Engineer: 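Sharing a structure with you now.
Letters go in sequence order (proteins before strands), and every chain restarts at 1. Since the structure is predicted, the reported quantities are computational estimates derived from the model, not experimental observations.
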Number of protein chains: 2
Amino acid sequence: MLELAILGFLYDAPLHGYVLRRHIAALTGHVRPVAESTLYPAIKRLEKAGLLARATEPGAVAAPRHVLRLTEEGGRELKRRLAEPAQREITDENHWFTLLAFLRHLEDPAAQAAVLRRRLAFLQEPASFFYDGDRPLSAEELDDPFRRGVLTIARATSRAELAWLRDTLASLDRAGR
Amino acid sequence: MLELAILGFLYDAPLHGYVLRRHIAALTGHVRPVAESTLYPAIKRLEKAGLLARATEPGAVAAPRHVLRLTEEGGRELKRRLAEPAQREITDENHWFTLLAFLRHLEDPAAQAAVLRRRLAFLQEPASFFYDGDRPLSAEELDDPFRRGVLTIARATSRAELAWLRDTLASLDRAGR
DNA sequence: GCACAATACCTCGCCATCGAGGTATTCCGT
DNA sequence: ACGGAATACCTCGATGGCGAGGTATTGTGC
């Protein structure tokens, strides 16, 4: 998820770590902050894997900046990760939102649509949070107001997302023809 | 999050690891599956911390079962974690839903309401996923249909949750008087 | 003139998670 | 009679994330 965000931001423009951190904080920081001690090692991992390269520039204000840019391999890897996400990236909303934030980089409408269809399939699976044996419980059946809240909120999210998915898939299909 | 779920399920009734695993899978498994190699060490951690105790019973079907039950200390710890959740439990929907699933164990309506108010405060902070400098961008301002989707879905979720929070807080306040 | 915030990057050690693999038993289908 | 699925639990090594802490520079408030 973090690596995807790094690759995604750098695909648009070279950035140095400090600015990259602010970008990532804006994207997902209110929900899940990213520590520096997570970001910098992640950058090193990606650099070691040949996905990005750094150029040292004199710092505008303070210490020298390491300006990061995607290598060609890095661009290919980004597209691979966007086109063939692991199942976790589809099911976990945090991961999914990060993926959506960069899905435009995938360019090919058919490839974008294929990813959206995986999410659609996931959302259409009958799944709840609470069960009576194997039978999923609806919000109305629960006494607990907090569990009822979980189902109410999840249902609203699901409805909104299904509507958006159908609209967007329709317009991607038009674009693909 | 995993530890909270373990404590929460065991607060209701003693269970052995295998059944506990199915309960957790039902609760969060469709979004974020839990590996056995994560669950069993987590059980051991909690046991070592004195929060739960195990009693070995002959297996009903196969290997002997280790029936787990909360200790008194475990019950107190559960309530502490429910009453004073870390900020991540408030902001991250996965964590938050897990917390909500067990918040009824907190019994005191005022304590429950205090937790909901923390979530309310979080949702009311002006925060977006995408910015133009410091200015949060609305769905309408985005060209990218995928980023627009993120905002559309997040807005629907937020709306539904705010409505539910206000209703539930009102009824908790009535109960607390 | 001096502390403090912000910029900009880094290491270290701890810990939770995970996949792969292992052990043993019982039930079910063929 | 036999293999595979389900039950039930476990270890190990690799890895990613995180808090604490460190280094150095420049701009800002008092």
Side-chain angles (χ1 to χ4, degrees), chain A residues 1-7 9 14-25 28-29 31-49 51-68 81 86-89 91-92 94-95 98 134, chain B residues 1-7 9 14-25 28-29 31-49 51-68 81 86-89 91-92 94-95 98 134:
Chain A
M1 198 180 121
L2 173 60
E3 294 185 359
L4 187 66
I6 295 172
L7 297 173
F9 279 123
L15 295 171
H16 63 275
Y18 202 77
V19 171
L20 186 56
R21 191 177 179 234
R22 283 214 307 271
H23 279 58
I24 292 171
T28 57
V31 169
R32 186 182 274 272
V34 178
E36 282 190 12
S37 51
T38 305
L39 176 63
Y40 286 110
I43 288 170
K44 294 213 162 169
R45 275 201 306 280
L46 296 174
E47 195 188 359
K48 204 172 162 188
L51 306 182
L52 50 87
R54 70 172 70 196
T56 304
E57 275 185 16
V61 175
R65 293 164 164 184
H66 296 180
V67 177
L68 309 166
R81 291 188 193 208
Q87 192 58 18
R88 181 80 106 266
E89 320 286 319
T91 63
D92 187 323
N94 297 145
H95 291 245
T98 304
D134 279 342
Chain B
M1 199 179 121
L2 173 60
E3 294 185 359
L4 186 67
I6 295 172
L7 297 173
F9 279 124
L15 294 172
H16 63 276
Y18 202 77
V19 171
L20 187 55
R21 190 178 180 232
R22 284 215 306 271
H23 279 58
I24 293 170
T28 57
V31 168
R32 186 183 274 272
V34 178
E36 282 190 14
S37 51
T38 305
L39 176 62
Y40 286 110
I43 289 171
K44 296 212 164 173
R45 273 201 306 279
L46 296 174
E47 195 189 0
K48 205 172 162 187
L51 306 181
L52 49 88
R54 70 172 71 196
T56 304
E57 276 184 18
V61 177
R65 293 166 164 183
H66 296 180
V67 177
L68 309 166
R81 291 189 192 206
Q87 194 57 18
R88 180 80 107 268
E89 319 288 319
T91 63
D92 188 322
N94 297 144
H95 291 245
T98 304
D134 279 341

Engineer: Indicate the atoms forming the closest heavy-atom contact of A/R88 with A/H95, along with that distance.
Structural biologist: O-CB, 3.9 Å
Engineer: Counting just side-chain N and O atoms, does A/R32 come under 4.0 Å of either OP1 or OP2 of D/dC18?
Structural biologist: no
Engineer: Evaluate the side-chain contact (heavy atoms from CB on, under 4.5 Å) criterion for residues B/T98 and B/T28: first the C-alpha distance (whole Å), next the side-chain angles of each, then the deciding distance (0.1 Å), finally the verdict.
Structural biologist: CA-CA 8 Å; B/T98 304; B/T28 57; 3.8 Å; yes
Engineer: Which atoms form the tightest heavy-atom contact between B/Y40 and B/Y18, and what is the distance?
Structural biologist: OH-N, 4.0 Å
Engineer: When you measure from the side chain of B/R21 to the backbone of B/V34, do you find a donor-acceptor pair of N or O atoms at a distance under 3.5 Å?
Structural biologist: yes
Engineer: To the nearest 0.5 Å, what is the distance between CG (B/L46) and CZ (B/R54)?
Structural biologist: 10.5 Å
Engineer: Map A/R45 and B/Y18 onto DNA chain D by nearest heavy atom, then report which one ends up closer to the 5' terminus.
Structural biologist: B/Y18
Engineer: A side-chain contact here means heavy atoms from C-beta on lying under 4.5 Å apart; do A/M1 and A/N94 qualify?
Structural biologist: yes
Engineer: If the cut-off is 4.0 Å, is B/R54 near the phosphate of D/dC10, judged by side-chain N/O to OP1 or OP2?
Structural biologist: yes
Engineer: Identify the heavy atoms of A/I6 and A/L20 that sit nearest to each other, and give their distance.
Structural biologist: CG2-CD2, 3.8 Å
Engineer: Using atom CD of B/E3 as one end and atom C1' of C/dT17 as the other, report the distance to the nearest whole Å.
Structural biologist: 12 Å
Engineer: Working note: B/R81 + B/E3, criterion salt bridge (charged side-chain N to carboxylate O under 4.0 Å, His left out); need CA distance, chi angles, decisive distance, verdict.
Structural biologist: CA-CA 10 Å; B/R81 291 189 192 206; B/E3 294 185 359; 3.0 Å; yes
Engineer: Can you tell me how far P of C/dA6 sits from NE2 of A/H16, to the nearest Å?
Structural biologist: 16 Å
Engineer: So if I take the C1' atoms of five pairs at each end of the helix from C/dG1-D/dC30 to C/dT30-D/dA1 and get each local axis, what angle do the two axes make, rounded to 10 degrees?
Structural biologist: 30°
Engineer: Considering all heavy atoms of both residues, which atom of A/A42 and which atom of A/L2 are nearest to each other, and what is their separation?
Structural biologist: CB-CD2, 3.7 Å
Engineer: Could you tell me the separation between the CG atom of A/D92 and the P atom of C/dC18, rounded to a whole number of Å?
Structural biologist: 11 Å
Engineer: Rounded to the Å, how far apart are B/L4 CG and C/dT17 P?
Structural biologist: 12 Å
Engineer: Can you measure B/I43 atom CD1 to C/dA16 atom P for me and round it to whole angstrom units?
Structural biologist: 14 Å
Engineer: Please determine if a side-chain N or O atom of A/R65 lies less than 4.0 Å away from the OP1 or OP2 oxygen of C/dC10.
Structural biologist: no
Engineer: Hey, does the side chain of A/R88 come within less than 4.0 Å of C/dC18's phosphate (OP1/OP2), counting only N and O?
Structural biologist: yes
Engineer: So, is B/R21 near the phosphate of D/dA8, with a side-chain N or O under 4.0 Å from OP1 or OP2?
Structural biologist: no
Engineer: OP1 or OP2 of D/dC10 sitting under 4.0 Å from any side-chain N/O of B/H66?
Structural biologist: yes
Engineer: Respond yes when some side-chain nitrogen or oxygen of A/K44 is under 4.0 Å from OP1 or OP2 of C/dC9, and no when none is.
Structural biologist: no
Engineer: Check whether B/H23 reaches the backbone of B/V19 with its side chain - one donor and one acceptor, N or O, closer than 3.5 Å.
Structural biologist: yes
Engineer: With a 3.5 Å cut-off and just heavy-atom distances, do the side chain of A/E36 and the base of C/dC10 make a donor-acceptor pair?
Structural biologist: yes
Engineer: So which protein N/O to nucleotides 12-14 of chain C N/O distances come out below 3.5 Å?
Structural biologist:
none

Engineer: Below the 4.0 Å mark, does D/dC10 have OP1 or OP2 next to a side-chain nitrogen or oxygen of B/Y40?
Structural biologist: no
